Amino acid sequence: MSSPRTPWTRTAVALTAAALAAMALTSCSDDGTPSSVSSAASKAASAYASATAEAGRALDEIKGGVNAKGAVRVGGTTTDSDGRAEAEITVENTTDATKSFAVQVDFKDEDGNLLDAAVVTVSDVAAGATGKGTARSNRDLGGQVRAEVARAVRY
């Protein structure tokens, strides 16, 4: 039987690949000349939409998981020393058994446009207790960034 964390490993790799692809798309075109900003932004948005879809698929792969979005709170967004956005995630286990949580956090700009997506696993939260994790963007996002819980699964 496979570990429930296996989908998260795939998702982390997919999100990192999407971030790297988006950075490459914004730097130059196939012939080495600068890409237009709107074309690069469109391609980057498409890459992040794809990353978000992959995160959703990973959540769907968790066996025996239940929707737990209501049991998750996201704190304010800060910027770490590498320029990446971070947000503290707090999960509340209202069951009578130890559970783990998988949370998809979307980082958005002030207009609500998706900038990045991250998945956070908060493992082994005791019955009736809370647990914490940190969502971290895959790259420097700059500007005003807010984090929101897109989906959460308790398993």
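FYI, the numbering just counts along the sequence from 1. The shown structure was predicted, so the numbers you read here are calculated from the model rather than taken from an experiment.
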With a 4.5 Å limit on heavy-atom distance, are the side chains of [X] and [Y] in contact?
| X | Y | answer |
| --- | --- | --- |
| Glu92 | Val125 | no |
| Phe101 | Thr121 | no |
| Asp124 | Ser100 | yes |
| Val149 | Val103 | yes |
| Asp80 | Arg136 | yes |
| Thr90 | Val72 | no |

If every non-hydrogen atom of [X] is compared with every non-hydrogen atom of [Y], which pair is closest and at what distance?
| X | Y | result |
| --- | --- | --- |
| Ile62 | Ala102 | CD1-CB, 3.7 Å |
| Asn138 | Ala117 | ND2-O, 3.2 Å |
| Val145 | Ala85 | CG1-CB, 4.0 Å |
| Val153 | Gly65 | CG1-CA, 3.5 Å |
| Ala87 | Val74 | CB-CG2, 3.8 Å |
| Thr134 | Val120 | O-CG2, 3.7 Å |

Looking at Asp82 and Arg84, would you say the former's side chain and the latter's main chain have a donor-acceptor pair under 3.5 Å? no

Counting only N and O atoms by type, is there a donor-acceptor contact under 3.5 Å from the side chain of Asp111 to the main-chain atoms of Asn113?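 Looks like no, no N/O pair under 3.5 Å.
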
Run through Lys108, Arg73, Lys69 and flag the one making a salt bridge (charged side-chain N to carboxylate O under 4.0 Å, His left out) with Glu148.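 Result: among Lys108, Arg73, Lys69, Lys108 is the only option passing the salt bridge (charged side-chain N to carboxylate O under 4.0 Å, His left out) with Glu148.
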
Could you measure the distance from the CG atom of Asp109 to the CG atom of Leu115? Nearest 0.5 Å is fine. 5.0 Å

Give, for atom OG1 of Thr95 and atom CZ of Arg154, the distance between the pair rounded to the nearest 0.5 Å. 5.5 Å

Might you confirm whether atom CG of Asp96 has over 12 heavy atoms from other residues, nucleotides or ligands at distances under 6.0 Å? no

Side chain to side chain contact (heavy atoms under 4.5 Å, CB included) between Leu141 and Asp116: does it pass, once the steps are laid out? CA-CA 8 Å; Leu141 299 180; Asp116 203 353; 4.1 Å; yes

